[in-house]
Number of protein chains: 2
Amino acid sequence: MKPTLQAVADAVGVSRSTVSNAYSRPDQLSAALRERILDAARQLGYPGPNPTARSLRRGFVGSIGVLFTSQLSYAFTDPFAVRFLAGVGAATERHGTSMLLVPLPPAQTDARRAVENAAVDGFCVYCVADEEWALDVIRQRGLPFVSTAPRDDAGPDERFVGIDERAAAHSVAAHVAGLGHRRVALLADSVLLDAPAGPLTLSGVDQVPHPTTHGRLAGFADAFAEVGVDWAELTLLNAPGNSRQAAAAAVAGLFDRPAPPTAVLAGSDVLALGVLDALAERPAGDRPPVSVTGFDDVPEAAAAGLTTVRQPAEEKGRIAAELLLDPPADPAAGHVLLPTALVVRASTGPAPRS
Amino acid sequence: MKPTLQAVADAVGVSRSTVSNAYSRPDQLSAALRERILDAARQLGYPGPNPTARSLRRGFVGSIGVLFTSQLSYAFTDPFAVRFLAGVGAATERHGTSMLLVPLPPAQTDARRAVENAAVDGFCVYCVADEEWALDVIRQRGLPFVSTAPRDDAGPDERFVGIDERAAAHSVAAHVAGLGHRRVALLADSVLLDAPAGPLTLSGVDQVPHPTTHGRLAGFADAFAEVGVDWAELTLLNAPGNSRQAAAAAVAGLFDRPAPPTAVLAGSDVLALGVLDALAERPAGDRPPVSVTGFDDVPEAAAAGLTTVRQPAEEKGRIAAELLLDPPADPAAGHVLLPTALVVRASTGPAPRS
DNA sequence: TTGAAAGCGCTACCAT
DNA sequence: ATGGTAGCGCTTTCAA
């Protein structure tokens, strides 16, 4: 049995309060006594105050949760998510807080439980899919959180860090439109929950439930509407997951259609890279000159020569954590919009004249 | 004030035990009563049992710690570490456990505190530098742990997953020796704690404190000893950190020496890539034909054509977590050696005749 | 500077 | 099937 604080107190012949003070409030006792206590603790093999008991008593835990509303193992394969985590890590590091990664089981009920049971003082919610239920749980627990997806119904005290998805998406799409492309496919992850890979028909972009995906698709559509191509003329492709494989599956057969798109705008770099994979797999003589764009500007994008929109990944994570750990006095400061930039590389070019 | 379990009990007119059972042991009460209780809880905004209180009472937390004995923000820049984390994540996911990433402050005392205060049921210790102190704390807390660095003084109940570092390192080095290289530099991270970037003189490999680094350097040295090149003839280079920048700094000026090495054996792919960076920065006409090898076979290695040793990163993380979460009955099974494989790519070639 | 008392919110045992 | 009791190990007033 591990010795408790009580055991140390008994050994030294002082009260528990004094031992507690020796650890947590050194100024409350004489240096000599403190040394005596710490020595006795060492002797007894007392490992210091039990973190759980301390948390219960103090009312806070000293760690923040990071919630990926997707498989945790997936999150680590997403370069953008990893940079985000690095940012959160940097902030927690400075703050002396730990970060808890909470895996969400596939079943909805179990996932709720996971969020309910997480021992944290707040959450950074990194959303890749439906998240409302998670926010409900967090609110119910009375915990603060920072979201990275734009939400219409965000309360005034709800903190956010992100980008203007729609404007950013507009910028790449306008670039592609400017190159003359008119037959265009839009590719996104989770256009509709649980839709299969491939083409999808939606009466309008507002049917897309996930705010990030909605924002990006809307931005793409805006740019083409400006050049006279409207929603119904765009090919919408669903990728069941944000992975190169999912993207490749989504564009299967696409370029063998009668009038294939001359450009594919993807909702993320990972998806765009998957499209390039699919193109590269075709025999060299049969590669249509398709322009492809991504989103995020992850490290791999540069190597692949991908035209994309840059957003500061690490910064996003860092600010999310800081917003949580040091809530700004002014609630308006709890809403941070990060800059984005269009990065033009070799993956886009003029539309072929046809 | 958030309602407590007591409040729900009062509202329904049952005891706390019954409410507790409604959440944790549904089979202990009638479905009807359980529904009544859950309804009342919803009504009152009771978010379910407080995780901390529950942990205190139950005696376990439901999360495992992952300890990087380096900056957390650094860990996310290391592709091998990220794959390792992905493996841990996959295992925790299946097990319904969370993972706590504990940032270690620079100061030794604070770092001890961080490990002492982590609310976890055990640790996966991923070591990049001196780790003994951390293991001391963990043992003192009586927590189980799994280490990934080979340790001489490992007790019989201490679990381990890793590779035969020395044999693996020998395999690449023998490949390079077989290509005829005799003037060779060995590059490693933290050869000595706090040594600056660049050449370092050590009377023998046994002066290297970190077990992983020691194993790899020893394996390199073994292979060259076999062809008559002994330790003193090898150039030992220290990189202050496992990063491309650190590696580039370590080899600065190296190739402008009178008789520069014809091969650089790096202790990790990241370092090897840094060497390639340094080489690539030289004017095209002035690039010595240096063979470079890495270690790990991270995804980037393939793209760079790096000759390296493959070790299963994700598997390592997965097994580490599993060893922690489902301790094998047979203690011998708590010691897992993973396979490695020499991967020969374009970064190594025959030594120039001179 | 030190100690006594009062819980933090919950669960598990043992009765009923 | 349900409730009473007894803590889990600690911190924090407050009083001495």
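Sequence lines set the chain letters: A, B, ... in the order given, protein chains first and strands last, and positions in each chain run from 1.
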Q: Would you classify A/Phe60 as touching base, sugar-phosphate or nothing, given that sugar-phosphate means primed atoms plus P, OP1 and OP2, and contacts are heavy atoms under 4.0 Å?
A: nothing
Q: Between B/Arg16 and C/dC10, is there a side-chain N or O to OP1/OP2 distance below 4.0 Å?
A: no
Q: Measuring from the side chain of A/Ser15 (C-beta onward, heavy atoms only), which nucleotide among C/dA4, D/dT11, C/dC10 has the closest atom?
A: C/dA4
Q: Which nucleotide, D/dT11, C/dC10, C/dT2, lies nearest any side-chain atom of A/Gln28?
A: C/dT2
Q: Could you tell me whether A/Leu29 contacts a base, only the sugar-phosphate backbone, or nothing, with contacts defined as non-hydrogen atoms closer than 4.0 Å?
A: sugar-phosphate
Q: Classify the side chain of B/Ser17 and the base of D/dG4 as holding, or not holding, a donor-acceptor pair under 3.5 Å.
A: yes
Q: Aromatic contact between A/Tyr23 and A/Tyr46, with the criterion being ring centroids under 6.0 Å apart: yes or no?
A: yes
Q: With a 4.0 Å cut-off on heavy atoms, is B/Ser24 in touch with a base, just the backbone sugar-phosphate, or nothing at all?
A: sugar-phosphate
Q: Within the structure, does a side-chain N or O atom of A/Ser55 lie under 4.0 Å from either OP1 or OP2 of D/dC10?
A: no
Q: Pick from A/Phe68, A/Tyr126, A/Phe80: which one makes a side chain to side chain contact (heavy atoms under 4.5 Å, CB included) with A/Leu85?
A: A/Phe68
Q: If you measure from the Lys or Arg side-chain nitrogens to the Asp or Glu carboxylate oxygens, is any gap between B/Arg139 and B/Asp136 under 4.0 Å?
A: yes
Q: Taking the minimum atom-to-atom distance to the side chain of A/Arg57, which one of D/dG3, D/dG9, D/dT11 wins?
A: D/dT11
Q: Quick one: is A/Arg54 getting a side-chain N or O under 4.0 Å of the D/dT11 phosphate, OP1 or OP2?
A: yes
Q: Closest approach to the side chain of B/Asn50, judged atom by atom: which nucleotide of C/dG9, C/dT11, D/dT12 is it?
A: C/dG9
Q: On the nucleotide C/dA12, are OP1 or OP2 found under 4.0 Å from the side-chain N or O atoms that B/Arg25 carries?
A: yes
Q: Has A/Thr18 got a side-chain N or O lying under 4.0 Å from the OP1 or OP2 atom of C/dT2?
A: no
Q: Using a cut-off of 4.0 Å on non-hydrogen atoms, how would the nucleic acid contact of B/Tyr23 be classed: base, sugar-phosphate, or nothing?
A: nothing
